[in-house]
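Read through the structure below, which is laid out as structure tokens, and then see the notes.
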Amino acid sequence: MKVTDNQYDNVVEDCKTVFEKKMNDYGSAWRVLRLPSLTDQIFIKAQRIRSIEDKGTKKIAEGIKDEFTGIVNYAVMALIQLELGPSVNEANMPVDEALKHYKQFIGEAKMLMQDKNHDYGEAWRDMRINSLTDIILMKLFRIKQIEDNKGVTEVSEGVDANYFDIINYAVFALIKIEEDKNQ
């Protein structure tokens with residue numbers, strides 16, 4: 001599990017670096033997005049990954065790794081928006097404040113991953129990357145249904161649990177991509 005923790009931290013550090021650089025480029029313009037818009041952004045990225053996996057080719061330079069990184073970052077943004085609500089008139093969250101929230105939610109996601117790895121015995125390591133993509137898409141359809149139901153569920157977890165799972169499945173995919181590259 002220590003290996004997984006280190007791999008998780010390395011992947012998340014790469015994702016956080018991209019997040020921080022984009023904050024420096026664009027500011028916090030994403031703060032105006034409502035939750036369904038963020039869900040749709042993640043959905044677009046997951047659909048593109050699946051399309052590349054199915055076709056085996058791409059026409060845009062960014063690859064699967066970039067898209068999984070985007071999924072992690074958009075899911076963190078969604079958790080921030082879930083906590084703070086969208087900012088209709090202002091998109092001026094300072095970088096250091098955004099990074100504080102980023103670290104908070106990634107920390108919660110990592111703790112969830114550790115708990116689930118304890119119970120499931122790191123079963124994700126035997127999964128294929130395209131299965132991780134499919135699970136992310138399934139989680140997104142669940143979120144969309146919950147959003148369409150105005151957040152009301154009968155027995156299911158809320159959207160936050162699904163965003164945390166999406167972060168972890170995307171991190172697992174990034175770990176597997178890195179392992180494949182190093183073999």
Side-chain angles (χ1 to χ4, degrees), residues 1-46 48-49 60-117 124 132 136 139-140 143-144 146-147 151 157-179 181:
M1 291 263 273
K2 182 142 179 70
V3 169
T4 299
D5 284 349
N6 290 338
Q7 289 173 310
Y8 193 100
D9 292 343
N10 290 337
V11 163
V12 164
E13 186 60 33
D14 291 344
C15 294
K16 184 174 71 68
T17 297
V18 171
F19 179 84
E20 186 172 8
K21 286 179 178 180
K22 290 202 177 207
M23 283 286 299
N24 289 329
D25 287 348
Y26 304 130
S28 57
W30 56 270
R31 288 281 294 127
V32 303
L33 295 173
R34 291 171 283 190
L35 218 48
S37 298
L38 285 162
T39 301
D40 287 344
Q41 281 298 123
I42 299 166
F43 181 76
I44 289 166
K45 294 196 166 297
R48 180 163 185 266
I49 292 167
I60 297 172
E62 289 137 351
I64 288 174
K65 183 178 178 184
D66 298 310
E67 298 296 359
F68 278 119
T69 298
I71 287 172
V72 170
N73 289 342
Y74 274 115
V76 171
M77 289 178 211
L79 289 165
I80 294 170
Q81 294 297 72
L82 193 60
E83 181 176 277
L84 302 179
S87 178
V88 178
N89 297 317
E90 296 179 30
N92 61 353
M93 180 181 282
V95 174
D96 61 334
E97 183 181 342
L99 288 172
K100 181 185 82 168
H101 289 290
Y102 191 98
K103 290 175 187 174
Q104 170 198 335
F105 288 116
I106 286 295
E108 290 178 37
K110 184 178 179 184
M111 286 184 354
L112 176 65
M113 177 276 296
Q114 290 169 327
D115 290 346
K116 287 189 175 187
N117 272 352
W124 65 271
L132 296 169
I136 290 170
K139 295 282 183 181
L140 288 162
I143 291 170
K144 286 179 171 210
I146 293 168
E147 289 171 348
E157 300 171 311
V159 294
D160 59 336
N162 286 286
Y163 285 127
F164 280 116
D165 286 344
I166 287 169
I167 289 169
N168 285 331
Y169 284 120
V171 168
F172 293 157
L174 288 164
I175 289 171
K176 291 179 89 52
I177 289 167
E178 194 62 30
E179 286 177 339
K181 187 177 86 176

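- Of all non-hydrogen atoms in Ala170 and Ile136, the two that sit nearest each other are N-CD1, 3.8 Å.
- In plain terms, the two heavy atoms of Met93 and Ser28 that are nearest each other are N-OG, 2.7 Å.
- The minimum heavy-atom distance between Phe19 and Asn73, with the atom names listed, is N-ND2, 3.6 Å.
- Residues Asn168 and Lys116 fail the side-chain proximity criterion, which asks for heavy atoms closer than 4.5 Å.
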Take Lys100 and Glu97 through the salt bridge (charged side-chain N to carboxylate O under 4.0 Å, His left out) test and state the conclusion after the steps.
CA-CA 5 Å; Lys100 181 185 82 168; Glu97 183 181 342; 5.7 Å; no

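- Ile143 is listed as a side-chain neighbour of Ile166, based on a closest heavy-atom distance under 4.5 Å.
- Formation of a donor-acceptor pair under 3.5 Å by the Arg48 side chain with backbone atoms of Phe43 is not found in this model.
- In this structure, the side chains of Arg31 and Asn92 stay at 4.5 Å or more apart for every pair of heavy atoms.
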Could you check Leu79 against Gln104 for side-chain contact (heavy atoms from CB on, under 4.5 Å), going step by step and ending with a plain yes or no?
CA-CA 10 Å; Leu79 289 165; Gln104 170 198 335; over 6 Å; no

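- At distances below 3.5 Å, not a single donor-acceptor pair connects side-chain atoms of Thr69 with backbone N or O atoms of Cys15.
- Taking a cutoff of 4.0 Å between a charged side-chain nitrogen and a carboxylate oxygen, Glu13 and Lys16 qualify as a salt bridge.
- Looking only at distances, a side-chain donor or acceptor of Asp66 sits under 3.5 Å from a matching main-chain atom of Gly63.
- Salt bridge status for Lys144 with Asp40: present, with a side-chain N to carboxylate O gap under 4.0 Å.
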Given Gln41 and Met77, is the side-chain contact (heavy atoms from CB on, under 4.5 Å) satisfied, shown in steps?
CA-CA 11 Å; Gln41 281 298 123; Met77 289 178 211; over 6 Å; no

For Lys110 and Asp9, what are the C-alpha separation, side-chain angles and deciding distance, and is it a side-chain contact (heavy atoms from CB on, under 4.5 Å)?
CA-CA 9 Å; Lys110 184 178 179 184; Asp9 292 343; 2.7 Å; yes

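- The aromatic rings of Phe164 and Phe105 are tilted relative to each other, their planes meeting at an angle between 30° and 60°.
- Residues Ile175 and Tyr8 share a closest heavy-atom pair of CD1-N, 3.9 Å.
- At a threshold of 4.5 Å between non-hydrogen side-chain atoms, the residues Val12 and Val72 do not count as touching.
- Val171 has its side chain out of reach of Trp124: every pair of non-hydrogen atoms, C-beta onward, lies at least 4.5 Å apart.
- With rounding to the nearest 0.5 angstrom, the OG1 atom of Thr4 is 9.5 Å from the CD atom of Gln114.
- The distance from atom NZ of Lys65 to atom CD1 of Ile177, rounded to the nearest 0.5 Å, is 7.5 Å.
- A distance of 13.5 Å separates CD1 in Ile71 from OH in Tyr169, rounded to the nearest 0.5 Å.
- Side chain of Gln81 to main chain of Arg34: no donor-acceptor pair is present (N/O by atom type, distance under 3.5 Å, no hydrogens or angles).
- For the atom pair CG of Leu33 and OH of Tyr74, the computed distance is 7.5 Å after rounding to the nearest 0.5 Å.
- Side-chain atoms of His101 and Glu83, non-hydrogen and from C-beta on, do get closer than 4.5 Å to each other.
- Minimum heavy-atom separation, Tyr102 to Ile80: N-CD1, 4.3 Å.
- The two residues Leu140 and Ala46 have their closest heavy-atom pair at CD1-CB, 4.0 Å.
- Enclosure of atom NZ in Lys176 by more than 12 non-hydrogen atoms of other residues, nucleotides or ligands within 6.0 angstrom is indicated.
- Note: Leu174 CG to Leu132 CG = 10.0 Å, rounded to the nearest 0.5 Å.
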Trace of the side-chain contact (heavy atoms from CB on, under 4.5 Å) decision for Met23 with Leu99:
CA-CA 9 Å; Met23 283 286 299; Leu99 288 172; over 6 Å; no

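- Considering CD1 of Ile106 and NZ of Lys103, their distance stands at 11.5 Å, rounded to 0.5 Å.
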